[in-house]
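So the structure is just underneath, and the comments pick up after that.
For reference, positions follow the sequence shown, starting with 1. Note that this is a predicted model, so its numbers are computed, not measured.
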Amino acid sequence: TLDLTCRKAPCFVKFSEMEKMVNMQAEINEVQPLLVSQTIVSALQFYFIGKKCEILQDMNRHLEAVLKEKRALRKMLIKPRCQESLPIEATFHKYIVELLTEAVTFIEKLESHLQTVRILPHIPNIMKNMDTALTKTELLVMELEELAEQILKWRDLQKEAYSD
């Protein structure tokens, strides 16, 4: 009965209402930073999506411009550039001829260097083949020396046989 009478007193009713209000305020304080962070994240996402959209629009404008000039670009690519006359003063034509000869020699040297670079992976095999060829040559030299000695001995024997 004491409990029932105490709760109905206006003092305790206000206390429970105040306690409820404090609890609600605590819940609001907990949820509010989450809402703020979610708002910031969504705003940043919209900002970056806007930037990406601007970049894509710029790329799209560039590609549209390229497509508009497609015919002109195709004509420029098909037309041979070497048949056009050079807008160079006549006094410099001698230097252009020298430059062209230099370009030809450069290309020839470049081709020889490229051949050298292509051979690089095969160098171990080439060295192995050269080693075997060297050993075979040494064997042939030794056989040739033995043969030369036998020929000299045979010649001496023949001289002795004819002299007798």
Side-chain angles (χ1 to χ4, degrees), residues 25-164:
Q25 187 65 37
E27 285 181 21
I28 289 173
N29 289 342
E30 286 178 14
V31 171
Q32 190 174 10
L34 292 174
L35 289 175
V36 169
S37 66
Q38 287 295 326
T39 307
I40 291 172
V41 166
S42 62
L44 286 174
Q45 284 177 345
F46 284 126
Y47 173 76
F48 287 117
I49 288 173
K51 286 291 184 184
K52 286 181 182 179
C53 185
E54 288 177 17
I55 291 170
L56 287 173
Q57 286 175 347
D58 288 341
M59 289 174 57
N60 190 27
R61 276 188 235 111
H62 174 70
L63 291 175
E64 285 176 353
V66 168
L67 286 175
K68 286 179 183 176
E69 296 181 14
K70 181 180 174 183
R71 284 189 181 161
L73 289 172
R74 187 175 282 166
K75 283 180 184 177
M76 287 173 55
L77 290 173
I78 291 173
K79 187 177 180 182
R81 302 290 286 177
C82 61
Q83 293 177 356
E84 295 179 3
S85 62
L86 296 173
I88 298 173
E89 295 180 25
T91 55
F92 298 119
H93 283 197
K94 175 178 88 173
Y95 300 114
I96 296 298
V97 171
E98 291 175 4
L99 182 66
L100 288 175
T101 56
E102 292 288 330
V104 169
T105 55
F106 172 76
I107 290 170
E108 289 172 353
K109 287 181 180 179
L110 180 67
E111 287 176 359
S112 69
H113 290 309
L114 286 175
Q115 286 176 351
T116 305
V117 168
R118 286 185 201 120
I119 290 175
L120 286 177
H122 303 291
I123 285 179
N125 290 336
I126 293 171
M127 291 299 294
K128 188 175 161 184
N129 292 340
M130 286 177 70
D131 286 339
T132 55
L134 181 64
T135 31
K136 285 181 182 178
T137 306
E138 288 174 350
L139 286 173
L140 287 174
V141 165
M142 287 195 282
E143 288 177 6
L144 185 63
E145 287 174 351
E146 287 177 11
L147 188 61
E149 288 176 15
Q150 288 176 359
I151 289 173
L152 290 174
K153 286 180 186 177
W154 182 77
R155 189 177 84 183
D156 290 337
L157 286 173
Q158 290 298 322
K159 280 183 183 179
E160 288 176 13
Y162 284 123
S163 64
D164 289 339

Working to the nearest 0.5 Å, report the span between [atom1] of [X] and [atom2] of [Y].
{"X": "Met142", "Y": "Thr137", "atom1": "CE", "atom2": "OG1", "result": "11.0 Å"}
{"X": "Phe106", "Y": "Glu111", "atom1": "CZ", "atom2": "CD", "result": "10.5 Å"}
{"X": "Lys109", "Y": "Thr116", "atom1": "NZ", "atom2": "OG1", "result": "13.0 Å"}
{"X": "Arg155", "Y": "Lys153", "atom1": "CZ", "atom2": "NZ", "result": "14.0 Å"}

(message) If you compare all heavy atoms of Thr135 against all heavy atoms of Thr132, which two are closest, and at what distance to 0.1 Å?
(response) OG1-O, 2.8 Å
(message) Would you say that Lys52 contacts Ile55 through its side chain, given a criterion of any heavy-atom pair below 4.5 Å between the two side chains?
(response) no
Among all residues two or more places apart in sequence or in another chain, which pass the side-chain contact (heavy atoms from CB on, under 4.5 Å) test with [X]?
{"X": "Leu100", "answer": "Ile96"}
{"X": "Ile49", "answer": "none"}
{"X": "Ile126", "answer": "Ile119, His122, Met130"}
{"X": "Lys94", "answer": "Glu98"}

(request) Only pairs at least two apart or in different chains count here, so list each salt bridge (charged side-chain N to carboxylate O under 4.0 Å, His left out) that has a residue in residues 119-147. (result) none
(message) Suppose we screen for side chain to side chain donor-acceptor pair (under 3.5 Å). Which residues come up paired with Asp58, at least two apart in sequence or across chains?
(response) Arg61
